[in-house]
Amino acid sequence: MSVEVRNVTKQFGSFTALDHVSLKVESGELVALLGPSGSGKTTLLRIIAGLEFPDLADATVLYYGEDVTRIPASQRKAGFAFQHYALFRHLSVFENIAFGLRVRPRATRPSEEEIRERVNRLLKLIQLDAMAKRFPSQLSGGQRQRVALARALAVEPKVLLLDEPFGALDAKVRKELRRWLRQLHDEIHITTLFVTHDQEEALEVADRVAILRSGKIEQIGTPEEIYDRPVSPFVYDFLGNVNLFSGRMKDGEVVIGDTSFAVTDTERVAETQTVAFVRPHDIHIARTQNGAHSFPAQIVRCHAAGSVATVDLERLDDRVHFTAQLSKEEYQQLQPKTGEQVFVQLRNVRLFTDDYSI
Ligand SMILES: Nc1ncnc2c1ncn2[C@@H]1O[C@H](COP(=O)(O)OP(=O)(O)O)[C@@H](O)[C@H]1O
Ligand SMILES: [Mg+2]
C-alpha cells in the first residue's frame, strides 16, 4: 500500500469538508478523486500532500506504511501539479524542470551532470526536448502543463498529486493530455492521485475512481465497476445522463405504464412504488410493438449532429419526457420523425432504495 488515509476529518469553522474519510491507494496505481465542486477533493489531496492537517487525533496518513500525518509537505516527497500552478516566467523550460533539484541543500543536491541528464530524460518523456530553451510564454497551455508535470516528477517523488491539472485548458487539449497522462503513467508507474470534477476524464484515465459527495467517499472502484454497478442514485447520476421512470414493483419486475421490465439489480428492491433509472443509450425505439415488453411514446425532437443521435420522447400515459441515444446507424435505419408514435424498450433498468432527487 503506498498511500493510505484513515479516518480523516476536516472542519472549516462549523463546516465539515471531510467526514471520516478512509482511502487506500496501491503502489503504482492511478486513482481519480471525482466529485462535484465543494465535495472535498482538494482538501483531501492537500491533507495527503501535507499542506493541511486532519482534525482528529486518530486520523492517519501513511506513505508506504510510514506514518506521515504530522510531517509537513516539504518532507513528504510528494510531487504536485495544480490547475493554476504557474511556471516561473523568467526561467526556461529546462530550468523550470531543474528547479526542485537546484534548490536542494548541497548534501542531497545531484551534480550538475546528473541534473542535466535527469531533466533531459524528462524533456523526452513529455515530448518537449526540442523546446528546452523556450520560456513559458512561448508555449501552449497544454505544453505548459506538461512542463509542470515534469517539474513535479524531477524530484523523483514517491507519490504524484494532481489537482485538476488540465482544468484551465480547452476540451480538445484536455482530451489529448489525459491520454498522454495515462501513457506516461503506464511508462513510469508512479503512484498518482488525480483530482477532477469531470467524470469522462476520471473514467478514461484512472485505474480506480473514488466518488466524493459532501466530504465522504460514496463509492470506490474501477471505472467499469462504478459505471455498471453504482451504489446510489448520486453516483449513477454523476457518471452520466439518466432518465427516470416512475413505476411499481410486481413479481420482481418493474411495471412502467402497463409494461413490465426486468431489473438489473433486484436485491435492492423493496417498495411497491419505485423510480427506475435508465441511461439514454439503454433505451431502444421501434416502430412496431415487439412483444409485450414495450410501451408507446411520442417523439418530441430529434437531433443527429455529433457522434450519436439523440431523440427526445414523451410517454403517452403520463406525458413524462425522456431521452434516447441512438448510434448513427440505428438512427439512419429508423429515420425517426418528430410527432410520430414509437414503441420503447428499456435495458439495464436500475432501482435504488434510498431517496435522492435529481
Ligand atoms: N481554507 C478553507 N476555509 C474555509 N472553507 C474551506 C477552506 N478550504 C475549503 N473550504 C470549503 O470546504 C469545502 C470543500 O472544498 P474543496 O476541498 O476545495 O472542494 P473541491 O475541491 O471538491 O471543490 C468547500 O465548501 C470549501 O468552501
Ligand atoms: Mg478543488
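Read the numbers this way: they start at 1 and go in the same order the structure lists the ligands and their atoms. Since the structure is predicted, the reported quantities are computational estimates derived from the model, not experimental observations.
- Contact annotation for atom 26 (C) of ligand 1: protein absent (non-hydrogen atoms, distance under 4.0 Å).
- Here the protein heavy atom with the shortest distance to atom 18 (O) of ligand 1 is T42 CB, 3.6 Å.
- Those atoms of ligand 1 with a heavy atom of A17 less than 4.0 angstrom away are 12 (O).
- The cationic group of R279 lies under 6.0 Å from the six-membered ring centre of Y227 and within 45° of the ring axis, placing it in a cation-pi geometry.
- In terms of N/O distances under 3.5 Å, ligand 1 is not approached by F12.
- Classification of the F234-F238 ring pair by plane angle, with boundaries at 30° and 60°, yields parallel.
- With hydrogens and angles disregarded, a donor-acceptor distance shorter than 3.5 Å links the side chain of T192 to the backbone of I190.
- In this structure, of G215, G38, G40, S214, the residue bringing a heavy atom nearest to atom 23 (O) of ligand 1 is G38.
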Contacts table for residues 9-16: side-chain donor-acceptor under 3.5 angstrom, sequence neighbours left out:
{"from": "T9", "atom 1": "OG1", "to": "H20", "atom 2": "N", "distance (Å)": "2.9"}
{"from": "K10", "atom 1": "NZ", "to": "F53", "atom 2": "O", "distance (Å)": "2.8"}
{"from": "Q11", "atom 1": "OE1", "to": "T16", "atom 2": "OG1", "distance (Å)": "2.8"}
{"from": "Q11", "atom 1": "NE2", "to": "G13", "atom 2": "O", "distance (Å)": "3.3"}

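- Residue nearest to atom 17 (O) of ligand 1, selected from T16, T196, L45, T43: T43 (by heavy-atom distance).
- Counting only residues at least two apart or in different chains, side-chain hydrogen bond (donor to acceptor under 3.5 Å, both in side chains) contacts with residues 87-107 comprise E95-R102, N96-R151, R102-E112.
- Protein heavy atoms are found inside the 4.0 Å sphere centred on atom 21 (O) of ligand 1.
- Defined by atom type and a distance below 3.5 Å, a donor-acceptor pair is present between the side-chain atoms of Q298 and R319.
- Between F261 and F295, the ring planes lie perpendicular to each other; the angle is over 60°, past the 30° to 60° tilted range.
- Each of the atoms 22 (O) of ligand 1 lies under 4.0 Å from some heavy atom of P36.
- Backbone or side-chain N, O or S atoms of T43 do not reach the Mg ion (ligand 2) at under 2.8 Å.
- The shortest contact between atom 13 (C) of ligand 1 and any protein heavy atom is with F15 CE2, 3.4 Å.
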